[in-house]
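Okay, structure first, notes after.
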Amino acid sequence: MNNAQTSDQTLQQVLKARRIVRPLVLVGLMGVGKSTIGRRLATALERDFVDADEEIERAANRSVAEIFEAHGEAYFRDGERRVIARLMEEGHGVIATGGGAFVDDETRALVLEQGLAIWLDCDLDTLVERTSRKDTRPLLKSGDPRTILRDLKERRSAAYAQAQVHVVTDEGPHEATVQRIVRELAAWQ
Ligand code: S3P
């Protein structure tokens with residue numbers, strides 16, 4: 001296939017994916033790239049983008065780490081559930097969620113019913129490498145990050161696997177992942 005045919009096919013896929021009116025909700029483990037890829041996906045599909053963790057921080061006027069420290073994880077999860085319900089209700093185009101959000105039964109049911117969940121998945125080494133670039137994640141501070149991430153991957157994969165779309169992200173450029181998502185969305189129609 002020549003370049004012109006490839007880009008024509010890509011354009012057709014983008015146009016098809018743009019017809020999806022439901023919020024596209026990125027789910028998956030910490031470090032998989034939900035926010036970065038979500039932003040680029042939103043640009044490609046000409047939709048707005050919102051990051052659920054940032055919205056939680058704005059609502060609480062504190063960082064995620066501060067909320068965990070002051071009130072504990074259960075309190076954070078309550079806020080997270082409420083904020084995501086509001087974002088779904090507001091009908092945003094692309095929503096990036098924190099890694100634990102889709103594991104919550106209520107949030108998962110809501111997203112699956114009213115939105116389209118996209119599970120971004122990658123191997124453990126990549127997750128460890130990417131999460132090591134920032135030290136803002138409270139769950140990774142209680143022990144060895146690799147062990148914690150391996151354990152979370154094991155425990156959460158069954159929930160993530162319920163997402164309508166599953167895309168494996170690798171070390172390649174983010175644009176390639178965005179194109180892969182667009183292709184899956186076009187096929188999902
Ligand atoms: C969490 C992931 C974080 C954040 C919080 C808890 C988790 O978001 O919501 O630290 O339970 O996996 P990212 O996945 O964006 O890092």
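Each ligand, and each atom within it, is numbered from 1 in the order the structure gives. Note that these values count all heavy atoms, side chains included, but never hydrogens, waters or copies made by symmetry. The first residue of the sequence shown is numbered 1, and numbering continues consecutively from there.
- Between the side chain of T43 and the main chain of R39, a donor-acceptor pair closer than 3.5 Å is present.
- Comparing heavy-atom distances from atom 6 (C) of ligand 1 across M30, K134, E80, R77 singles out R77 as nearest.
- Protein heavy atom closest to atom 5 (C) of ligand 1, with residue, atom name and distance, is V64 CG1, 3.8 Å.
- Aromatic ring orientation, F102 versus Y160: parallel (interplanar angle below 30°, classes split at 30° and 60°).
- Among protein heavy atoms, atom 12 (O) of ligand 1 sits closest to R156 NH1, 2.7 Å.
- Using cut-offs of 30° and 60° on the angle between ring planes, the pair W119 and H166 is parallel.
- Among the atoms of T97, none of the N or O lies under 3.5 angstrom from an N or O of ligand 1.
- Across the listed options E54, E57, R137, R130, R137 owns the non-hydrogen atom lying nearest to atom 16 (O) of ligand 1.
- Contact annotation for K141 and ligand 1: no heavy atom of the residue comes within less than 4.0 Å of the ligand.
- Counting heavy atoms under 4.0 Å from ligand 1, residue L139 touches it through the side chain alone.
- Ion pairing of R86 with E90 is present here, as a side-chain N (NZ or NE/NH1/NH2) and a carboxylate O approach within less than 4.0 Å.
- At least one N or O atom of G99 sits closer than 3.5 Å to an N or O atom of ligand 1.
- The nearest pair of heavy atoms linking M88 to V111 is CE-CA, 4.0 Å.
- The closest heavy-atom contact to atom 15 (O) of ligand 1, among the options I67, I148, D53, comes from D53.
- Partner Q12 forms a side-chain contact (heavy atoms from CB on, under 4.5 Å) with one of T10, V14, D8 and no other, that one being D8.
- Near F76, the atoms of ligand 1 lying under 4.0 angstrom from a non-hydrogen atom of the residue are 9 (O).
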Check your understanding: Going through the distances and angles, do V25 and L87 end up as a side chain to side chain contact (heavy atoms under 4.5 Å, CB included)?
Key -> CA-CA 10 Å; V25 183; L87 299 178; over 6 Å; no
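- The nearest non-hydrogen atom to atom 7 (C) of ligand 1, considering only S35, S63, G100, comes from G100.
- When each of D125, D123, D151 is tested with R146 by the rule salt bridge (Lys or Arg N to Asp or Glu O under 4.0 Å), just one qualifies, namely D125.
- The protein heavy-atom contact nearest to atom 14 (O) of ligand 1 is K34 NZ, 2.7 Å.
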